[in-house]
Amino acid sequence: MNARDVTIIGGGMITHDLILPSLYHLQRTGLVDTIRVCALNSAPLRALAESPELREAFPGQAFAPHPALTEPPDRRFPQLYLEVLGAMRPRQLAVIALPDPLHYGAVMDALRHDQHVLCVKPLVLRYSQSVEIEKMALERGLFVGVEYHKRFDRRSLLAKRQYALGHFGEFVMGEARMIEPYSYRHSNFQNWFTADRTDPFVYVGCHYVDLVCFITGLRPVAVSVSGVKGRFPNGNEGYLWANGRVRFENGALLSVIDGLGYPDDGAGSNDQGLLLYCEGEGRTGMIQHDDQDRGVRHAYLDPIGCGGTRYNYVSPDFYRVVPWEGPGFKPVGYGYESVAAILEAMRRIESAAAGLDAAAALSRRRELIREIDRAGLLATPANSSTNELVAEAARLSIEADGDWCRILYGDDPHVEMRGR
Ligand SMILES: NC(=O)c1ccc[n+]([C@@H]2O[C@H](COP(=O)([O-])OP(=O)(O)OC[C@H]3O[C@@H](n4cnc5c(N)ncnc54)[C@H](O)[C@@H]3O)[C@@H](O)[C@H]2O)c1
(Lines give C-alpha, C1' and ligand atoms only; values in the text may rest on other atoms or scores of the structure.)
Protein backbone atom coordinates (compact mmCIF):
# COMPACT_ATOMS: atom_id res chain seq x y z
CA MET A 1 0.00 0.00 0.00
CA ASN A 2 1.53 3.29 -1.10
CA ALA A 3 -0.77 5.83 0.55
CA ARG A 4 0.31 7.05 4.01
CA ASP A 5 -1.58 8.88 6.73
CA VAL A 6 -0.23 12.36 7.36
CA THR A 7 -0.37 14.57 10.46
CA ILE A 8 0.61 18.20 9.99
CA ILE A 9 1.69 19.82 13.26
CA GLY A 10 1.18 23.58 12.91
CA GLY A 11 -1.67 25.24 11.05
CA GLY A 12 -0.17 28.62 10.10
CA MET A 13 0.93 30.45 6.98
CA ILE A 14 3.16 27.76 5.45
CA THR A 15 0.52 25.08 6.06
CA HIS A 16 -2.10 27.16 4.26
CA ASP A 17 0.10 28.43 1.44
CA LEU A 18 2.02 25.27 0.55
CA ILE A 19 1.86 22.17 2.74
CA LEU A 20 -1.85 21.41 2.96
CA PRO A 21 -2.67 22.12 -0.71
CA SER A 22 0.32 20.00 -1.80
CA LEU A 23 -0.85 17.13 0.42
CA TYR A 24 -4.43 17.47 -0.85
CA HIS A 25 -3.14 17.01 -4.38
CA LEU A 26 -0.99 14.03 -3.33
CA GLN A 27 -4.14 12.58 -1.80
CA ARG A 28 -5.67 12.75 -5.28
CA THR A 29 -2.66 11.02 -6.84
CA GLY A 30 -2.69 8.21 -4.26
CA LEU A 31 0.41 9.00 -2.15
CA VAL A 32 -1.52 10.35 0.84
CA ASP A 33 -4.38 8.70 2.75
CA THR A 34 -5.94 10.61 5.69
CA ILE A 35 -4.78 14.13 6.64
CA ARG A 36 -4.87 15.49 10.20
CA VAL A 37 -3.85 19.01 11.17
CA CYS A 38 -2.93 19.79 14.75
CA ALA A 39 -2.52 23.41 15.91
CA LEU A 40 -2.14 25.13 19.24
CA ASN A 41 -5.79 26.27 19.20
CA SER A 42 -8.79 25.90 16.92
CA ALA A 43 -8.69 29.40 15.34
CA PRO A 44 -6.11 28.66 12.60
CA LEU A 45 -7.77 25.31 11.91
CA ARG A 46 -11.08 27.02 11.25
CA ALA A 47 -9.30 29.45 8.91
CA LEU A 48 -7.82 26.49 7.01
CA ALA A 49 -11.11 24.60 6.88
CA GLU A 50 -12.98 27.66 5.62
CA SER A 51 -10.30 29.01 3.28
CA PRO A 52 -12.11 29.93 0.03
CA GLU A 53 -8.91 29.32 -1.95
CA LEU A 54 -8.48 25.77 -0.62
CA ARG A 55 -12.17 24.95 -1.00
CA GLU A 56 -12.18 26.12 -4.58
CA ALA A 57 -9.02 24.21 -5.52
CA PHE A 58 -9.80 20.98 -3.64
CA PRO A 59 -13.60 20.50 -3.64
CA GLY A 60 -14.77 17.63 -1.46
CA GLN A 61 -11.41 17.25 0.35
CA ALA A 62 -10.99 17.87 4.07
CA PHE A 63 -8.66 17.31 7.01
CA ALA A 64 -9.37 16.15 10.56
CA PRO A 65 -8.75 19.13 12.90
CA HIS A 66 -7.10 18.75 16.35
CA PRO A 67 -8.41 20.37 18.53
CA ALA A 68 -11.96 20.14 17.18
CA LEU A 69 -13.37 23.29 15.58
CA THR A 70 -16.03 23.37 18.30
CA GLU A 71 -13.37 24.23 20.93
CA PRO A 72 -13.20 27.95 21.88
CA PRO A 73 -10.88 29.60 19.30
CA ASP A 74 -8.24 30.67 21.85
CA ARG A 75 -8.15 27.66 24.17
CA ARG A 76 -4.62 26.25 23.92
CA PHE A 77 -3.61 22.60 23.53
CA PRO A 78 0.21 22.63 23.49
CA GLN A 79 0.57 18.88 24.15
CA LEU A 80 -2.26 17.62 21.96
CA TYR A 81 0.05 16.77 19.08
CA LEU A 82 1.57 13.99 21.22
CA GLU A 83 -1.83 12.29 21.47
CA VAL A 84 -2.37 12.63 17.73
CA LEU A 85 1.07 11.16 17.02
CA GLY A 86 0.36 8.38 19.53
CA ALA A 87 -2.79 7.38 17.62
CA MET A 88 -0.98 7.02 14.27
CA ARG A 89 -0.01 3.70 12.71
CA PRO A 90 3.79 3.26 12.63
CA ARG A 91 5.86 4.73 9.79
CA GLN A 92 3.32 7.17 8.44
CA LEU A 93 4.30 10.86 8.05
CA ALA A 94 4.49 13.77 10.50
CA VAL A 95 4.90 17.20 8.92
CA ILE A 96 6.47 19.75 11.26
CA ALA A 97 5.27 23.26 10.36
CA LEU A 98 5.77 24.98 13.73
CA PRO A 99 7.75 28.12 14.60
CA ASP A 100 11.52 27.44 14.30
CA PRO A 101 12.34 27.01 18.03
CA LEU A 102 9.74 24.21 18.35
CA HIS A 103 11.08 22.06 15.50
CA TYR A 104 13.61 20.09 17.54
CA GLY A 105 11.17 18.85 20.19
CA ALA A 106 8.44 18.02 17.67
CA VAL A 107 10.76 16.16 15.26
CA MET A 108 12.17 14.07 18.13
CA ASP A 109 8.63 13.34 19.37
CA ALA A 110 7.56 12.24 15.87
CA LEU A 111 10.58 9.91 15.63
CA ARG A 112 9.85 8.47 19.09
CA HIS A 113 6.35 7.71 17.77
CA ASP A 114 7.94 5.88 14.83
CA GLN A 115 6.93 8.38 12.15
CA HIS A 116 8.76 9.55 9.03
CA VAL A 117 9.20 13.33 9.06
CA LEU A 118 8.93 16.26 6.67
CA CYS A 119 10.17 19.42 8.42
CA VAL A 120 9.93 22.93 6.98
CA LYS A 121 13.20 24.84 6.98
CA PRO A 122 15.26 25.30 9.14
CA LEU A 123 15.37 21.77 10.56
CA VAL A 124 16.69 23.00 13.92
CA LEU A 125 18.71 25.87 15.32
CA ARG A 126 21.73 23.94 16.64
CA TYR A 127 24.09 21.56 14.90
CA SER A 128 24.12 19.12 17.84
CA GLN A 129 20.33 18.79 17.55
CA SER A 130 20.51 17.89 13.87
CA VAL A 131 23.08 15.17 14.69
CA GLU A 132 20.77 13.79 17.35
CA ILE A 133 17.87 13.70 14.88
CA GLU A 134 20.01 12.05 12.21
CA LYS A 135 21.10 9.35 14.67
CA MET A 136 17.67 8.52 16.04
CA ALA A 137 16.08 8.47 12.57
CA LEU A 138 18.71 6.11 11.18
CA GLU A 139 18.48 3.80 14.20
CA ARG A 140 14.76 3.41 13.56
CA GLY A 141 14.95 3.42 9.76
CA LEU A 142 12.86 6.60 9.49
CA PHE A 143 13.30 9.22 6.80
CA VAL A 144 13.63 12.92 7.70
CA GLY A 145 13.37 15.37 4.78
CA VAL A 146 13.97 19.10 5.26
CA GLU A 147 11.80 21.18 2.95
CA TYR A 148 14.36 23.54 1.31
CA HIS A 149 12.18 24.08 -1.75
CA LYS A 150 14.50 26.49 -3.58
CA ARG A 151 16.58 23.41 -4.40
CA PHE A 152 13.69 22.23 -6.61
CA ASP A 153 13.53 25.42 -8.63
CA ARG A 154 14.51 24.31 -12.15
CA ARG A 155 17.14 27.07 -12.33
CA SER A 156 18.87 25.67 -9.21
CA LEU A 157 18.77 22.11 -10.54
CA LEU A 158 20.12 23.25 -13.90
CA ALA A 159 22.91 25.26 -12.24
CA LYS A 160 23.82 22.29 -10.01
CA ARG A 161 24.12 19.94 -12.98
CA GLN A 162 26.12 22.33 -15.15
CA TYR A 163 28.36 23.38 -12.26
CA ALA A 164 29.22 19.70 -11.71
CA LEU A 165 29.98 19.36 -15.43
CA GLY A 166 32.46 22.24 -15.10
CA HIS A 167 30.56 24.58 -17.43
CA PHE A 168 31.08 27.65 -15.22
CA GLY A 169 34.46 27.07 -13.56
CA GLU A 170 34.93 27.38 -9.80
CA PHE A 171 32.79 29.72 -7.69
CA VAL A 172 34.86 32.64 -6.41
CA MET A 173 32.67 35.70 -5.67
CA GLY A 174 28.94 36.12 -5.32
CA GLU A 175 26.02 37.98 -3.89
CA ALA A 176 22.50 37.04 -2.91
CA ARG A 177 19.57 39.00 -1.59
CA MET A 178 16.24 38.21 -0.03
CA ILE A 179 14.23 41.13 1.25
CA GLU A 180 10.82 40.21 2.64
CA PRO A 181 7.93 42.75 2.51
CA TYR A 182 7.69 45.66 4.91
CA SER A 183 4.20 44.38 5.86
CA TYR A 184 5.81 41.49 7.77
CA ARG A 185 6.60 44.01 10.51
CA HIS A 186 2.87 44.30 11.24
CA SER A 187 2.29 40.52 11.33
CA ASN A 188 2.91 37.94 14.05
CA PHE A 189 6.62 38.49 13.27
CA GLN A 190 6.69 41.36 15.77
CA ASN A 191 6.06 38.87 18.58
CA TRP A 192 8.88 36.44 17.87
CA PHE A 193 11.35 38.06 15.43
CA THR A 194 13.18 39.79 18.28
CA ALA A 195 16.88 40.63 18.25
CA ASP A 196 17.71 38.09 20.96
CA ARG A 197 16.20 35.19 18.95
CA THR A 198 16.76 35.62 15.24
CA ASP A 199 17.59 37.97 12.39
CA PRO A 200 16.91 38.25 8.65
CA PHE A 201 20.14 36.40 7.72
CA VAL A 202 19.21 33.37 9.81
CA TYR A 203 15.55 33.50 8.75
CA VAL A 204 15.88 33.87 4.96
CA GLY A 205 19.58 34.23 4.15
CA CYS A 206 19.82 30.52 4.95
CA HIS A 207 17.94 29.76 1.70
CA TYR A 208 20.69 31.22 -0.45
CA VAL A 209 23.58 29.84 1.60
CA ASP A 210 21.94 26.41 1.25
CA LEU A 211 21.56 26.99 -2.51
CA VAL A 212 25.21 27.94 -3.00
CA CYS A 213 26.27 24.78 -1.12
CA PHE A 214 23.73 22.79 -3.18
CA ILE A 215 24.94 24.15 -6.53
CA THR A 216 28.70 24.17 -5.88
CA GLY A 217 29.14 21.41 -3.29
CA LEU A 218 31.41 23.79 -1.32
CA ARG A 219 31.25 24.02 2.48
CA PRO A 220 31.16 27.35 4.35
CA VAL A 221 34.09 27.84 6.74
CA ALA A 222 33.44 31.31 8.22
CA VAL A 223 30.53 33.70 8.64
CA SER A 224 30.32 37.41 9.42
CA VAL A 225 26.93 39.12 9.86
CA SER A 226 26.13 42.71 10.83
CA GLY A 227 22.62 43.88 11.48
CA VAL A 228 20.56 47.04 11.66
CA LYS A 229 18.06 47.10 14.50
CA GLY A 230 14.69 48.83 14.60
CA ARG A 231 11.37 48.64 16.40
CA PHE A 232 8.29 46.69 15.40
CA PRO A 233 4.91 48.44 15.70
CA ASN A 234 4.39 46.77 19.12
CA GLY A 235 7.67 48.24 20.39
CA ASN A 236 9.74 45.03 20.27
CA GLU A 237 13.28 45.49 19.02
CA GLY A 238 14.51 43.30 16.20
CA TYR A 239 17.14 43.17 13.51
CA LEU A 240 15.16 44.50 10.56
CA TRP A 241 18.11 44.26 8.16
CA ALA A 242 21.20 42.05 7.96
CA ASN A 243 24.32 42.01 5.85
CA GLY A 244 26.29 38.78 5.88
CA ARG A 245 29.43 37.40 4.29
CA VAL A 246 30.21 33.73 4.00
CA ARG A 247 33.70 32.39 3.26
CA PHE A 248 33.79 28.97 1.59
CA GLU A 249 36.42 26.24 1.89
CA ASN A 250 38.02 27.19 -1.47
CA GLY A 251 38.36 30.84 -0.39
CA ALA A 252 35.26 32.04 -2.27
CA LEU A 253 33.09 34.79 -0.75
CA LEU A 254 29.32 35.22 -0.85
CA SER A 255 27.70 38.38 0.47
CA VAL A 256 24.04 38.20 1.42
CA ILE A 257 21.63 41.04 2.20
CA ASP A 258 18.33 40.35 3.90
CA GLY A 259 15.61 42.38 5.51
CA LEU A 260 11.98 42.92 6.35
CA GLY A 261 11.58 45.97 4.16
CA TYR A 262 10.67 45.36 0.53
CA PRO A 263 8.19 48.19 -0.19
CA ASP A 264 4.58 47.05 0.08
CA ASP A 265 3.83 49.07 -3.05
CA GLY A 266 6.52 47.22 -5.02
CA ALA A 267 5.54 44.90 -7.86
CA GLY A 268 7.29 41.82 -6.44
CA SER A 269 6.04 39.81 -3.49
CA ASN A 270 9.60 40.32 -2.18
CA ASP A 271 13.05 40.90 -3.69
CA GLN A 272 15.39 37.99 -4.25
CA GLY A 273 18.17 36.74 -6.48
CA LEU A 274 21.61 35.21 -6.79
CA LEU A 275 24.77 36.08 -8.71
CA LEU A 276 27.83 33.82 -8.70
CA TYR A 277 31.10 34.57 -10.50
CA CYS A 278 33.38 31.64 -11.24
CA GLU A 279 37.03 31.27 -12.31
CA GLY A 280 37.89 29.08 -15.31
CA GLU A 281 40.91 28.48 -17.57
CA GLY A 282 41.60 31.74 -19.41
CA ARG A 283 38.06 33.08 -18.78
CA THR A 284 35.40 33.42 -16.12
CA GLY A 285 31.90 31.98 -15.84
CA MET A 286 28.76 33.29 -14.20
CA ILE A 287 25.38 32.16 -12.87
CA GLN A 288 22.74 34.86 -12.45
CA HIS A 289 19.21 34.25 -11.21
CA ASP A 290 16.61 36.98 -10.97
CA ASP A 291 14.22 35.24 -8.60
CA GLN A 292 11.91 38.23 -8.27
CA ASP A 293 10.82 39.25 -11.75
CA ARG A 294 10.42 36.00 -13.61
CA GLY A 295 9.13 37.73 -16.72
CA VAL A 296 5.39 37.51 -16.02
CA ARG A 297 3.68 40.80 -15.18
CA HIS A 298 0.00 41.28 -14.43
CA ALA A 299 -1.97 44.51 -14.11
CA TYR A 300 -5.25 43.82 -12.29
CA LEU A 301 -8.40 45.89 -12.29
CA ASP A 302 -8.69 45.57 -8.52
CA PRO A 303 -5.82 45.76 -6.00
CA ILE A 304 -5.63 41.96 -5.58
CA GLY A 305 -1.86 41.62 -5.98
CA CYS A 306 0.58 41.05 -3.15
CA GLY A 307 0.58 43.94 -0.69
CA GLY A 308 -2.74 45.12 -2.19
CA THR A 309 -1.13 46.29 -5.44
CA ARG A 310 -2.53 46.29 -8.98
CA TYR A 311 0.69 45.85 -10.99
CA ASN A 312 2.61 42.71 -10.10
CA TYR A 313 5.57 40.52 -11.02
CA VAL A 314 3.97 37.10 -10.90
CA SER A 315 6.07 34.01 -10.29
CA PRO A 316 4.53 30.93 -11.86
CA ASP A 317 7.56 29.00 -10.57
CA PHE A 318 7.15 28.63 -6.77
CA TYR A 319 3.53 27.77 -6.11
CA ARG A 320 0.30 28.44 -7.99
CA VAL A 321 -2.92 26.54 -8.50
CA VAL A 322 -3.89 26.10 -12.14
CA PRO A 323 -6.63 24.36 -14.10
CA TRP A 324 -6.07 20.68 -14.76
CA GLU A 325 -8.05 17.77 -16.12
CA GLY A 326 -9.53 16.87 -12.69
CA PRO A 327 -11.88 18.70 -10.27
CA GLY A 328 -10.88 22.10 -8.85
CA PHE A 329 -7.30 23.20 -9.49
CA LYS A 330 -3.90 21.59 -9.05
CA PRO A 331 -0.77 23.00 -7.43
CA VAL A 332 2.28 23.55 -9.65
CA GLY A 333 5.79 24.84 -8.96
CA TYR A 334 8.92 23.96 -7.08
CA GLY A 335 7.22 24.32 -3.67
CA TYR A 336 4.79 21.54 -4.56
CA GLU A 337 7.50 19.48 -6.26
CA SER A 338 9.71 19.66 -3.19
CA VAL A 339 6.92 18.38 -0.90
CA ALA A 340 6.04 15.67 -3.44
CA ALA A 341 9.69 14.57 -3.71
CA ILE A 342 9.93 14.03 0.06
CA LEU A 343 6.69 11.99 0.03
CA GLU A 344 7.98 10.00 -2.95
CA ALA A 345 11.27 9.25 -1.11
CA MET A 346 9.27 7.94 1.82
CA ARG A 347 7.16 5.76 -0.49
CA ARG A 348 10.31 4.37 -2.15
CA ILE A 349 11.83 3.48 1.22
CA GLU A 350 8.67 1.77 2.43
CA SER A 351 8.01 -0.17 -0.74
CA ALA A 352 11.62 -1.43 -0.94
CA ALA A 353 11.21 -2.86 2.57
CA ALA A 354 7.68 -4.24 2.10
CA GLY A 355 7.38 -7.99 2.61
CA LEU A 356 10.78 -8.36 4.33
CA ASP A 357 11.08 -9.59 7.92
CA ALA A 358 11.53 -6.85 10.53
CA ALA A 359 15.35 -6.96 10.70
CA ALA A 360 15.83 -7.09 6.92
CA ALA A 361 13.26 -4.32 6.42
CA LEU A 362 15.06 -2.07 8.89
CA SER A 363 18.39 -2.63 7.22
CA ARG A 364 16.89 -2.02 3.73
CA ARG A 365 15.28 1.23 4.90
CA ARG A 366 18.60 2.37 6.38
CA GLU A 367 20.42 1.61 3.12
CA LEU A 368 17.98 3.75 1.15
CA ILE A 369 18.16 6.60 3.66
CA ARG A 370 21.96 6.63 3.32
CA GLU A 371 21.62 6.61 -0.48
CA ILE A 372 19.37 9.68 -0.32
CA ASP A 373 21.85 11.37 2.06
CA ARG A 374 24.68 10.73 -0.41
CA ALA A 375 22.70 11.85 -3.48
CA GLY A 376 22.37 15.29 -1.83
CA LEU A 377 19.25 16.35 -3.74
CA LEU A 378 16.75 16.16 -0.90
CA ALA A 379 17.97 17.98 2.19
CA THR A 380 18.39 15.59 5.12
CA PRO A 381 19.93 16.00 8.60
CA ALA A 382 23.03 14.14 7.34
CA ASN A 383 23.63 16.21 4.21
CA SER A 384 22.40 19.69 5.21
CA SER A 385 23.58 20.19 8.78
CA THR A 386 26.10 22.79 7.59
CA ASN A 387 23.00 25.03 7.57
CA GLU A 388 22.74 24.67 11.35
CA LEU A 389 26.46 25.48 11.71
CA VAL A 390 26.01 28.58 9.54
CA ALA A 391 23.01 29.71 11.65
CA GLU A 392 24.93 29.19 14.90
CA ALA A 393 27.91 31.12 13.54
CA ALA A 394 25.66 33.91 12.23
CA ARG A 395 24.00 34.43 15.61
CA LEU A 396 27.36 34.71 17.38
CA SER A 397 28.69 37.07 14.72
CA ILE A 398 25.69 39.42 14.62
CA GLU A 399 25.86 39.74 18.41
CA ALA A 400 29.52 40.73 18.02
CA ASP A 401 28.60 43.27 15.29
CA GLY A 402 30.10 41.32 12.41
CA ASP A 403 33.20 39.70 13.92
CA TRP A 404 34.08 36.57 11.95
CA CYS A 405 32.96 33.23 13.34
CA ARG A 406 34.72 30.14 12.02
CA ILE A 407 33.12 26.78 11.26
CA LEU A 408 35.42 23.90 12.08
CA TYR A 409 34.72 20.48 10.59
CA GLY A 410 36.46 17.18 11.42
CA ASP A 411 35.37 14.72 14.11
CA ASP A 412 33.51 17.31 16.14
CA PRO A 413 32.12 20.07 13.87
CA HIS A 414 31.53 23.30 15.79
CA VAL A 415 31.69 27.08 15.49
CA GLU A 416 34.23 29.38 17.12
CA MET A 417 34.61 33.16 17.21
CA ARG A 418 37.96 34.11 15.69
CA GLY A 419 40.57 35.01 18.26
CA ARG A 420 38.69 33.50 21.21
N1 LIG B 1 10.12 29.53 2.47
C2 LIG B 1 10.01 28.66 3.43
O3 LIG B 1 10.60 27.59 3.40
C4 LIG B 1 9.13 29.01 4.59
C5 LIG B 1 8.20 30.04 4.46
C6 LIG B 1 7.42 30.36 5.58
C7 LIG B 1 7.59 29.67 6.77
N8 LIG B 1 8.52 28.69 6.86
C9 LIG B 1 8.75 27.98 8.14
O10 LIG B 1 7.53 27.36 8.54
C11 LIG B 1 7.44 27.35 9.96
C12 LIG B 1 6.07 27.86 10.39
O13 LIG B 1 5.95 29.19 9.89
P14 LIG B 1 4.52 29.87 9.68
O15 LIG B 1 4.79 31.15 8.96
O16 LIG B 1 3.56 28.90 9.13
O17 LIG B 1 4.16 30.21 11.22
P18 LIG B 1 2.77 30.62 11.85
O19 LIG B 1 3.07 31.43 13.06
O20 LIG B 1 1.85 31.19 10.81
O21 LIG B 1 2.14 29.20 12.29
C22 LIG B 1 2.65 28.43 13.35
C23 LIG B 1 1.60 27.40 13.74
O24 LIG B 1 2.14 26.59 14.78
C25 LIG B 1 1.07 26.26 15.65
N26 LIG B 1 1.60 25.84 16.94
C27 LIG B 1 2.38 26.52 17.82
N28 LIG B 1 2.64 25.76 18.91
C29 LIG B 1 2.00 24.57 18.72
C30 LIG B 1 1.88 23.37 19.47
N31 LIG B 1 2.45 23.24 20.66
N32 LIG B 1 1.13 22.37 18.95
C33 LIG B 1 0.54 22.48 17.74
N34 LIG B 1 0.63 23.59 16.98
C35 LIG B 1 1.35 24.62 17.46
C36 LIG B 1 0.24 27.53 15.72
O37 LIG B 1 -1.09 27.21 16.14
C38 LIG B 1 0.29 27.98 14.26
O39 LIG B 1 -0.80 27.39 13.57
C40 LIG B 1 8.64 28.14 10.48
O41 LIG B 1 9.65 27.23 10.85
C42 LIG B 1 9.10 28.93 9.27
O43 LIG B 1 10.50 29.20 9.29
C44 LIG B 1 9.27 28.32 5.80
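All values below come from the heavy atoms of this structure, side chains included, with hydrogens, waters and symmetry mates left out. Numbering of residues begins at 1 and proceeds along the displayed sequence. Order of appearance sets the numbers: ligands from 1, and atoms from 1 within every ligand.
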By number and element, which atoms of ligand 1 are closer than 4.0 Å to a non-hydrogen atom of Cys38?
33 (C), 34 (N)

Structural part of Leu80 in contact with ligand 1, heavy atom criterion under 4.0 angstrom
neither

What class does the angle between the rings of Tyr336 and His25 fall in, given that below 30° is parallel, 30 to 60° is tilted and above 60° is perpendicular?
perpendicular

When the aromatic ring centroids of Phe248 and Phe171 are compared, is their separation below 6.0 Å?
yes

Sub-4.0 Å atoms of ligand 1 with respect to non-hydrogen atoms of Leu102:
28 (N)

Identify whether the distance between the nearest side-chain nitrogen and carboxylate oxygen of Arg126 and Glu392 falls below 4.0 Å.
yes

Could you tell me whether Arg154 sits above the aromatic face of Tyr334, with NZ or CZ closer than 6.0 angstrom to the six-membered ring centre and within 45 degrees of the axis?
no

Tell me the nearest of Ile14, Leu40, Val84 to atom 5 (C) of ligand 1, using heavy-atom distances.
Ile14

Contact check: Lys121 vs ligand 1, nitrogen or oxygen atoms, below 3.5 angstrom
yes

Short list, please: which atoms of ligand 1 are under 4.0 Å from a heavy atom of Gly11?
23 (C), 38 (C), 39 (O)

Under 6.0 Å between ring centres: does that hold for Tyr81 and His66?
no

Check this for me: does any side-chain nitrogen of one of Arg89 and Asp114 sit under 4.0 Å from a carboxylate oxygen of the other?
no

What atoms of ligand 1 come closer than 4.0 angstrom to any heavy atom of Asp100?
40 (C), 41 (O), 42 (C), 43 (O)

Any N or O of Tyr203 closer than 3.5 Å to N or O of ligand 1
no

Sub-4.0 Å atoms of ligand 1 with respect to non-hydrogen atoms of Ala39:
33 (C), 34 (N), 37 (O)

With only distance considered, is Met13 within less than 3.5 Å of ligand 1 through an N or O on each side?
yes

If you have a sec, work out which protein heavy atom is nearest atom 22 (C) of ligand 1 and how many Å separate them, to one decimal?
Pro99 CD, 3.7 Å

Check whether any heavy atom of Arg76 sits under 4.0 Å from an atom of ligand 1.
no

Is there a polar contact between ligand 1 and Phe77, counting only N or O atoms under 3.5 Å apart?
no

Measuring from the heavy atoms of His103, does anything fall under 4.0 Å of ligand 1?
yes

Exactly one candidate in Val6, Ile14, Leu54 meets side chain to side chain contact (heavy atoms under 4.5 Å, CB included) with Leu20; the answer is Leu54

In this structure, atom 31 (N) of ligand 1 is nearest to the protein heavy atom Pro78 O, 3.2 Å

Could you check whether Asp291 pairs with Arg155 (Lys NZ or Arg NE/NH1/NH2 to Asp/Glu carboxylate O, under 4.0 Å)?
yes

Quick note on ligand 1: atoms under 4.0 Å from a heavy atom of His149 include exactly 1 (N), 2 (C), 3 (O)

Protein contact to atom 26 (N) of ligand 1 [nearest heavy atom, distance to 0.1 Å]
Leu98 CD2, 3.4 Å

Can you list the steps and then say if Tyr203 with Trp192 is a ring-ring contact (aromatic ring centres under 6.0 Å, His included)?
CA-CA 12 Å; Tyr203 183 65; Trp192 63 271; 5.7 Å; yes

Does the ring center of His298 lie less than 6.0 Å from the ring center of Tyr300?
yes

Atoms of ligand 1 less than 4.0 Å from Asn188 heavy atoms?
19 (O)

Residue, atom name and distance, where the atom is the protein heavy atom closest to atom 21 (O) of ligand 1:
Gly12 CA, 3.2 Å

Are Asp210 and Arg151 close enough for a salt bridge, meaning some N to O gap below 4.0 Å?
yes

Looking at ligand 1, does any of its N/O atoms fall within less than 3.5 Å of an N/O of Pro122?
no

I'd like to know if Arg294 and Asp153 make a salt bridge, using a cut-off of under 4.0 Å between side-chain N and carboxylate O.
yes

Show me which atoms of ligand 1 lie under 4.0 Å from any heavy atom of Val120.
9 (C), 10 (O), 11 (C), 41 (O)

Decide, yes or no, whether a salt bridge links Glu147 with Lys121 under the criterion of side-chain N to carboxylate O below 4.0 Å.
no

